[in-house]
Amino acid sequence: YSALGGGALSGKYAGQCASAEAAKEWRMNKFKGFFGRYLNGASTEAVRRYASVAEKHGLSPAELALAWCNSRDYVTSTIIGATTVEQLRENIEAFAKELPTEADEEIEEIYRQFTDPTKTLAPTFR
């Protein structure tokens, strides 16, 4: 299970915090044919909302995504992908995080609205 959505749920693309030069190296920008689906309006909004849940519960977006996967009995393997040692450390440590019940409920609510935002062409936000 690829929990980080090509890096979209890692939090590193949020707010375009990197320099324009650094952003050229982002997978999202280098491989738009594949990763462009994570950049549409619905995907961006869903990621923003998941990141808000993560922040509310003292987690990074990556920790939230990976802790959620780890809490699902039906997920037998979670794929992580790190570019840096720091990201790898965060990914590995996320499996020791407990996902609060309230966070799980908030994730479910977002999921109901954005079931698969990568396939949404004309999103409507509530």
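- Side-chain contact between Glu106 and Tyr50 is absent, with no heavy atoms from C-beta onward closer than 4.5 Å.
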May I have the step-by-step check of salt bridge (Lys or Arg N to Asp or Glu O under 4.0 Å) for Glu45 and Arg48, ending in yes or no? CA-CA 5 Å; Glu45 180 63 14; Arg48 185 190 68 73; 2.6 Å; yes

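- The CD1 atom of Ile107 lies 7.5 Å from the OG atom of Ser71; values are rounded to the nearest 0.5 Å.
- Nearest heavy atom pair, residue Pro61 against residue Ala51, reads CG-CB, 3.9 Å.
- Leu66 CG to Ser60 OG: the interatomic distance, rounded to the nearest 0.5 Å, is 8.0 Å.
- Distance check, rounded to the nearest 0.5 Å: CD of Glu108 to CD of Glu105 gives 9.5 Å.
- Between Asp104 and Arg72, some side-chain heavy-atom pair lies under the 4.5 Å cut-off.
- Here the shortest heavy-atom pairing between Cys69 and Thr78 reads CB-OG1, 3.6 Å.
- The residues Glu93 and Lys97 are annotated as not salt-bridged, no charged nitrogen and carboxylate oxygen being separated by less than 4.0 angstrom.
- One distance of note links CG of Leu99 with CG of Leu64; it measures 6.0 Å at 0.5 Å rounding.
- The salt bridge (charged side-chain N to carboxylate O under 4.0 Å, His left out) check on Glu98 picks up nothing, with sequence neighbours excluded.
- Residues Ile110 and Ala46 come closest through the heavy atom pair CG2-O, 4.3 Å.
- To the nearest 0.5 Å, atom OG1 of residue Thr101 and atom NE2 of residue His57 are 10.0 Å apart.
- Atom CZ of Phe95 is separated from atom CD of Glu63 by 11.0 Å, given to the nearest 0.5 angstrom.
- Listed for the Gln87 side chain is a donor-acceptor partner under 3.5 Å among the backbone atoms of Thr84.
- In this structure the side chain of Val75 never reaches within 4.5 angstrom of the side chain of Asn70, judged on heavy atoms.
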Begin from the C-alpha positions of Lys56 and Glu102 and carry the test salt bridge (Lys or Arg N to Asp or Glu O under 4.0 Å) through to its verdict. CA-CA 10 Å; Lys56 178 180 176 183; Glu102 184 182 355; 2.9 Å; yes

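- Side-chain contact check for Gln113 versus Glu109: every heavy-atom pair is 4.5 Å or farther apart.
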